[in-house]
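Residue indices begin at 1 and follow the sequence shown. Excluded from the calculations below are hydrogen atoms, water molecules and symmetry mates; all remaining heavy atoms, backbone and side chain alike, are included. This is a predicted model, so every value here is computed, not measured.
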Amino acid sequence: MYTKFKLFSPQKMIHSLFLINCSGDIFLEKHWKSVVSQSVCDYFFEAQEKAADVENVPPVISTPHHYLISIYRDKLFFVSVIQTEVPPLFVIEFLHRVADTFQDYFGECSEAAIKDNVVIVYELLEEMLDNGFPLATESNILKELIKPPTILRSVVNSITGSSNVGDTLPTGQLSNIPWRRAGVKYTNNEAYFDVVEEIDAIIDKSGSTVFAEIQGVIDACIKLSGMPDLSLSFMNPRLLDDVSFHPCIRFKRWESERVLSFIPPDGNFRLISYRVSSQNLVAIPVYVKHSISFKENSSCGRFDITIGPKQNMGKTIEGITVTVHMPKVVLNMNLTPTQGSYTFDPVTKVLTWDVGKITPQKLPSLKGLVNLQSGAPKPEENPSLNIQFKIQQLAISGLKVNRLDMYGEKYKPFKGVKYVTKAGKFQVRT
């Protein structure tokens with residue numbers, strides 16, 4: 001008895017793609033079979049209205065005749081229309097590949113960049129998806145199929161009426177290493193790795209950690225001649241959970257030795273993404289002292305917060321921004337910052353304090369009065385503080401690259417590693 005494998009049934013495919021900006025305008029659509037009316041996006045707009053934040057829109061929405069699967073990237077929604085059930089992560093991963101490809105081709109994944117290069121966008125989507133299924137999603141292959149835009153090429157194309165589509169089949173398509181093109185040559189051979197970690201955390205009123213997790217990625221920029229074979233080893237690889245690999249990684253070597261062994265793509269690519277979920281391994285780099293109070297039957301309240309370094313391993317915490325969604329009864333706020341500047345929007349009730357970087361000698365604070373609607377009941381609960389920050393040259397998990405070895409080529413490349421820690425969804429409850 002055979003079981004049907006739903007994913008590759010001919011009917012089960014990505015049917016259409018809509019690109020929507022934050023204003024709710026559909027500025028680009030692509031259909032791979034018959035045209036689906038834009039009205040299908042009304043279900044998406046309804047879900048968007050119900051969500052408190054753009055990032056809280058459900059990624060999968062069921063409608064009477066379709067499923068809408070979407071991602072939010074760079075202030076744009078990528079909404080795909082599916083006719084029947086498919087694994088949602090299959091579609092979500094593809095949509096992220098589309099956004100990454102636009103970023104790689106145009107330097108940014110924005111509405112303006114997509115509109116300026118709309119012909120190339122349609123050519124890319126045609127190559128990336130064949131009859132609704134992913135085909136060519138590797139940047140190296142796509143760049144041989146469809147040449148990236150340049151000012152000179154745009155002028156020549158407009159005069160001659162030619163397109164960016166290449167005349168020959170990509171060399172990688174004919175080899176067992178489809179992610180790397182043949183005959184790569186560089187004057188300067190370089191390999192750079194960026195270890196970027198984001199902390200997601202919830203801190204309660206007393207300063208205790210309710211939840212903490214690190215989401216990390218290693219992004220690579222490889223400009224090496226020939227066909228190099230690289231091995232990247234770490235000081236402490238066993239702290240990584242849920243590692244997701246680029247197809248170039250030899251998984252058996254990782255399983256047995258915890259070493260990343262691979263023939264790299266040419267140019268920029270994401271080598272791995274990982275998670276550190278063991279809460280005792282997640283260092284919280286900042287602390288917040290807070291006192292937010294609203295008096296019963298009074299038209300004013302007090303607001304006082306101070307932010308300082310906690311576990312920053314001697315590195316400077318910079319780019320600090322505190323965002324607070326104040327209760328609806330708040331009319332205005334008269335505050336005094338000891339550092340940086342603040343804004344309060346009386347319409348959206350959002351307070352934003354741009355702190356900058358922390359100097360331990362003088363901790364930044366923001367304090368003052370809160371004006372409330374007269375006669376309005378006291379807010380039922382205090383607002384939460386959402387904090388953004390950045391720490392250069394530090395991976396907060398403690399992950400460190402040990403060495404990079406190269407085989408198969410005789411030259412000595414220049415090698416570099418950079419570490420960055422950022423705040424992801426970092427919330428302090430008051």
Side-chain angles (χ1 to χ4, degrees), residues 6-137 142 146 149 325 347-348 350 425:
K6 286 188 175 182
L7 176 58
F8 292 104
S9 169
Q11 295 83 19
K12 295 167 175 56
M13 60 178 69
I14 298 173
H15 198 99
S16 302
L17 175 65
F18 295 95
L19 266 57
I20 304 171
N21 61 21
C22 284
S23 305
D25 301 321
I26 301 171
F27 66 92
L28 186 134
E29 58 185 275
K30 168 68 177 166
H31 307 279
W32 281 273
K33 204 176 179 185
S34 56
V35 175
V36 176
S37 171
Q38 289 187 359
S39 61
V40 75
C41 293
D42 292 345
Y43 296 99
F44 174 80
F45 295 135
E46 284 176 20
Q48 189 180 5
E49 283 179 17
K50 291 176 184 174
D53 189 52
V54 287
E55 293 184 353
N56 294 332
V57 177
V60 182
I61 299 167
S62 177
T63 76
H65 302 291
H66 302 92
Y67 292 97
L68 304 181
I69 300 179
S70 64
I71 65 166
Y72 181 69
R73 285 278 298 266
D74 302 297
K75 298 182 180 179
L76 298 178
F77 287 101
F78 291 70
V79 182
S80 62
V81 181
I82 316 296
Q83 283 190 311
T84 47
E85 288 187 30
V86 297
L89 290 177
F90 157 73
V91 181
I92 288 169
E93 176 63 24
F94 173 75
L95 294 178
H96 279 294
R97 286 289 182 96
V98 171
D100 290 340
T101 302
F102 291 168
Q103 175 83 35
D104 194 24
Y105 262 72
F106 313 132
E108 59 177 348
C109 181
S110 65
E111 182 180 356
I114 291 168
K115 283 182 174 178
D116 289 344
N117 299 280
V118 69
V119 174
I120 296 177
V121 166
Y122 278 111
E123 289 171 348
L124 285 168
L125 291 173
E126 201 62 47
E127 294 295 341
M128 294 183 77
L129 213 65
D130 180 37
N131 201 31
F133 292 103
L135 180 64
T137 58
L142 286 168
I146 298 158
H325 291 265
V347 177
T348 61
V350 174
K425 292 183 178 179

(message) Give me the atom names and distance for the closest heavy-atom approach of Cys22 to Gln48.
(response) O-NE2, 4.4 Å
(request) Report the distance from atom CZ of Phe18 to atom NZ of Lys30, rounding to the nearest 0.5 Å. (result) 12.5 Å
(request) May I have the step-by-step check of side chain to side chain contact (heavy atoms under 4.5 Å, CB included) for Asp74 and Gln103, ending in yes or no? (result) CA-CA 10 Å; Asp74 302 297; Gln103 175 83 35; 4.2 Å; yes
(message) To the nearest 0.5 Å, what is the distance between CG on Leu129 and CG on Leu124?
(response) 12.0 Å
(message) If I compare all heavy atoms of Ile146 with all of Glu123, which pair ends up nearest, and what's the gap?
(response) CD1-O, 3.3 Å
(message) Please check: side-chain N/O of His15 versus main-chain N/O of Ser34, any donor-acceptor pairing under 3.5 Å?
(response) yes
(request) Write out all pairs satisfying salt bridge (Lys or Arg N to Asp or Glu O under 4.0 Å) with one or both partners inside residues 104-120, taking only residues at least two apart or from two chains. (result) Asp104-Lys143, Glu111-Lys115
(request) Identify the two heavy atoms, one from Ala47 and one from Pro58, that lie closest to each other, and give their separation to 0.1 Å. (result) CB-CD, 4.1 Å
(request) Evaluate side chain to side chain contact (heavy atoms under 4.5 Å, CB included) for Val79 paired with Tyr43, printing each intermediate quantity in order. (result) CA-CA 11 Å; Val79 182; Tyr43 296 99; over 6 Å; no
(request) Please work out whether the ring planes of Phe44 and Phe77 are parallel, tilted or perpendicular, with thresholds of 30° and 60°. (result) perpendicular
(request) Evaluate the side-chain proximity of Leu17 to Leu95: yes if any heavy-atom separation is below 4.5 Å, no if none is. (result) yes
(request) Might you point out which heavy atoms bring Ser110 and Leu76 nearest each other, and give the distance in Å? (result) C-CD1, 3.9 Å
(request) Show the numbers, then the answer: is there a side chain to side chain contact (heavy atoms under 4.5 Å, CB included) between Asn117 and Phe102? (result) CA-CA 10 Å; Asn117 299 280; Phe102 291 168; over 6 Å; no
(message) Ignoring hydrogens, what is the shortest heavy-atom contact between Val98 and Leu125? Give both atom names and the distance.
(response) CG1-CD2, 4.0 Å
(request) Heavy atoms only: give me the nearest Ile20-Cys41 pair and the separation to one decimal. (result) CD1-SG, 4.2 Å
(message) I'd like to know whether Arg97 forms a salt bridge (Lys or Arg N to Asp or Glu O under 4.0 Å) with Glu93, so could you lay out the CA-CA distance, the side-chain angles of the two residues, the decisive distance to 0.1 Å, and finally the verdict.
(response) CA-CA 6 Å; Arg97 286 289 182 96; Glu93 176 63 24; 3.5 Å; yes
